[in-house]
Enquirer: 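Attaching a single structure in structure tokens format; questions to follow.
A, B, ... follow the sequence lines: proteins, then strands. Residue 1 opens every chain.
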Protein chains: 4
Amino acid sequence: MDFNNSIPIYMQIINELKKDIITGKLSPGEKLPSTRELAIKYSINPNTSGRIYKEMEREEITFTKRGLGTFVTESESKIEQIRNDMAKDLINDFVKGMTELGYTNEMLISIIKKESEEK
Amino acid sequence: MDFNNSIPIYMQIINELKKDIITGKLSPGEKLPSTRELAIKYSINPNTSGRIYKEMEREEITFTKRGLGTFVTESESKIEQIRNDMAKDLINDFVKGMTELGYTNEMLISIIKKESEEK
Amino acid sequence: MDFNNSIPIYMQIINELKKDIITGKLSPGEKLPSTRELAIKYSINPNTSGRIYKEMEREEITFTKRGLGTFVTESESKIEQIRNDMAKDLINDFVKGMTELGYTNEMLISIIKKESEEK
Amino acid sequence: MDFNNSIPIYMQIINELKKDIITGKLSPGEKLPSTRELAIKYSINPNTSGRIYKEMEREEITFTKRGLGTFVTESESKIEQIRNDMAKDLINDFVKGMTELGYTNEMLISIIKKESEEK
DNA sequence: GTGGTCTAGACCACT
DNA sequence: GTGGTCTAGACCACC
């Protein structure tokens with residue numbers, strides 16, 4: 001994790017975990033590492049791991065079984081919704097930003113096409 | 001202008017000014033409002049305006065004539081470079097973010113096409 | 001520390017800290033005093049300490065771990081580069097300045113030799 | 001002149017003029033341009049030219065004949081003294097600065113020798 | 001009038 | 001406790 005960054009560490013890790021869930025690296029219902037394990041894995045303070053799970057639970061991405069740990073939500077539709085929300089944010093930021101810079105819709109399409117070919 | 005709380009006000013205004021320069025609303029060599037005027041315009045503290053101009057000068061977007069004021073850079077290539085840098089950041093964030101979410105290049109193209117038609 | 005009036009205090013302290021880093025009084029990776037401690041040490045305002053650390057971070061002399069503090073860069077090559085940059089500036093100012101005053105290279109050498117013997 | 005510089009414009013021009021006097025480009029007793037001419041030559045405000053001559057007169061580098069203009073001092077020893085003062089400042093800044101960076105006297109001599117050979 | 005610096009004091013999110 | 005941001009108000013040199 002990049003401590004030297006304007007994005008809070010807990011946010012950076014939440015995004016990592018969300019991506020792992022969306023791409024299937026973490027399956028629905030799978031147990032997540034304990035707060036202590038997470039703290040060690042990312043060399044962060046256990047308080048910060050706690051905050052990560054609290055926030056993810058608030059967003060209903062995970063749920064907690066007392067005494068057992070934290071688990072990925074079992075709702076596939078919830079996971080799909082997260083993917084859509086994250087995608088929508090990315091799309092909006094991109095289109096809005098480029099438009100403000102004076103790029104037309106045609107330019108956007110050709111830029112993305114070119115980007116795709118290069119990879 | 002109403003400010004997004006999570007991004008510092010001075011950053012938001014810098015981005016506004018950058019966009020104004022890129023889109024030609026502010027011409028190369030043009031004088032910017034004085035720190036005091038800017039403070040009134042955006043209802044911010046003059047210190048904050050000062051910080052804005054200092055940061056922009058550091059990025060060579062503007063230059064200062066002592067005792068006279070702050071001016072937009074006269075280098076058209078610098079302005080072009082800023083536009084390209086900002087666009088490249090937007091493109092990278094978008095493509096990288098979407099790819100991490102599992103979207104293919106073809107999907108990106110069709111998403112952008114669809115977005116364009118809606119507007 | 002007493003401050004030279006014509007140079008901003010924050011600049012003078014930055015130069016002090018740079019020298020401490022270059023001469024090894026501050027080691028790579030070492031934690032710097034907190035902004036509040038620095039403010040007390042030099043009897044300056046905490047705002048001014050903050051500015052010092054922000055500027056040094058911009059120059060990549062230090063880095064910040066959010067919520068933990070400010071640390072000397074761990075890159076030895078960066079430190080070496082800072083030393084070389086500062087030395088190069090001093091050398092250029094000296095040679096350029098003396099040449100403009102009509103001193104020849106031979107005179108420079110003998111002046112420096114004489115200076116060395118006196119100390 | 002470089003307006004975008006932490007050194008005040010009037011200081012920059014005074015230094016230019018001092019160098020011209022020291023190197024003989026301006027002879028003892030020679031008439032300097034009028035404040036208006038100076039203002040045009042350097043595209044500065046006439047107030048600034050006035051300040052330049054006032055400051056140089058205070059340092060006894062120039063003198064004024066009412067209604068006739070401003071002239072370079074006729075004292076050769078004064079000119080020699082200015083040269084020595086400027087040189088002494090340059091030498092001190094250099095030796096003090098390099099010593100603080102950890103350079104030894106031997107290193108200074110070899111650096112200056114190397115610089116001389118390159119030119 | 002212009003930007004630059006500094007103090008004082010406050011609030012904030014993050015670890 | 002850590003740095004980051006902001007306001008308020010002051011003073012300064014420079015043009």
Enquirer: Mind checking what makes salt bridge (Lys or Arg N to Asp or Glu O under 4.0 Å) contact with B/E60, not counting sequence neighbours?
Expert: none
Enquirer: Return no unless some side-chain N or O of B/S34 is found under 4.0 Å from OP1 or OP2 of E/dT2.
Expert: yes
Enquirer: So, does B/K65 get its side chain near the phosphate of F/dC14, meaning an N or O under 4.0 Å from OP1 or OP2?
Expert: no
Enquirer: What pairs of nitrogen or oxygen atoms, one from the protein and one from nucleotides 11-13 of chain F, lie under 3.5 Å apart?
Expert:
none

Enquirer: Considering non-hydrogen atoms only, spot the tightest contact between D/Y53 and D/T62 and give its length.
Expert: O-OG1, 4.1 Å
Enquirer: Within the structure, does a side-chain N or O atom of C/T35 lie under 4.0 Å from either OP1 or OP2 of F/dT2?
Expert: no
Enquirer: With nearest nucleotides of DNA chain F determined for C/Y53 and B/I7 from heavy-atom distances, which residue corresponds to the more 5′ nucleotide?
Expert: C/Y53
Enquirer: How would you list all residue pairs meeting salt bridge (Lys or Arg N to Asp or Glu O under 4.0 Å) that involve residues 30-48 of chain D, not counting sequence neighbours?
Expert: none
Enquirer: Could you give the CZ-to-C1' distance, from C/F71 to F/dG3, as a whole number of Å?
Expert: 11 Å
Enquirer: Expressed as a whole number of angstroms, how long is the span from B/L68:CG to E/dT2:P?
Expert: 10 Å
Enquirer: Under the rule for salt bridge (Lys or Arg N to Asp or Glu O under 4.0 Å), what residues qualify as partners of D/K25, not counting sequence neighbours?
Expert: D/D20
Enquirer: From CD1 of A/I13 over to P of E/dT15, roughly how many Å is that when rounded to an integer?
Expert: 8 Å
Enquirer: Tell me: CD1 of C/I9 to C1' of E/dG4, nearest whole Å?
Expert: 13 Å
Enquirer: Measure CD/B/E55 against P/E/dT5 and give the value in whole Å, please.
Expert: 14 Å
Enquirer: Would you call A/E16 and A/K19 a salt bridge, taking side-chain N to carboxylate O under 4.0 Å as the test?
Expert: yes
Enquirer: Could you tell me the separation between the CD atom of D/Q12 and the C1' atom of F/dC15, rounded to a whole number of Å?
Expert: 13 Å
Enquirer: Please enumerate all residues that pass side chain to side chain donor-acceptor pair (under 3.5 Å) together with C/N84, with sequence neighbours excluded.
Expert: none
Enquirer: Got a sec, which residues hit side chain to side chain donor-acceptor pair (under 3.5 Å) with A/D85, two or more places apart in sequence or on another chain?
Expert: A/Q81
Enquirer: Want to know the stems of DNA chain E: at least 3 consecutive Watson-Crick or G-U pairs with distances under 3.5 Å, which are they?
Expert: E:1-14 with F:1-14
Enquirer: Should A/R58 and A/E55 count as an ion pair when the cut-off is N to O under 4.0 Å?
Expert: yes
Enquirer: Would you please name every residue forming a salt bridge (Lys or Arg N to Asp or Glu O under 4.0 Å) with B/K78, sequence neighbours left out?
Expert: none
Enquirer: Please enumerate all residues that pass side chain to side chain donor-acceptor pair (under 3.5 Å) together with C/S43, with sequence neighbours excluded.
Expert: none
Enquirer: Quick one: list whatever passes side chain to side chain donor-acceptor pair (under 3.5 Å) with B/E74, sequence neighbours left out.
Expert: none
Enquirer: Please name all residues satisfying salt bridge (Lys or Arg N to Asp or Glu O under 4.0 Å) with A/K96, sequence neighbours left out, ordered by chain then number.
Expert: A/E100
Enquirer: Rounding to an integer number of Å, can you tell me how far C/I52 CD1 sits from F/dT2 P?
Expert: 16 Å
Enquirer: Remember a base hit wins even if backbone is also touched, and classify B/S49 as base, sugar-phosphate or nothing at under 4.0 Å, heavy atoms.
Expert: nothing
Enquirer: Does B/T48 make a side-chain N or O approach to OP1 or OP2 of F/dT7 shorter than 4.0 Å?
Expert: yes
Enquirer: Separation of C/K54 atom NZ from E/dT5 atom P, in whole Å?
Expert: 14 Å
Enquirer: Starting at the 5' end of DNA chain E and moving along, which residue's nearest nucleotide shows up first, A/M11 or B/L32?
Expert: B/L32
Enquirer: For nucleotides 8-10 of chain F, which of its nitrogen or oxygen atoms have a protein nitrogen or oxygen under 3.5 Å away, and what is each distance?
Expert:
residue, atom, partner, partner atom, Å
F/dA8, N7, B/N45, ND2, 3.0
F/dA8, N6, B/N47, ND2, 2.4
F/dG9, O6, B/N47, OD1, 3.1
F/dG9, O6, B/N47, ND2, 2.7

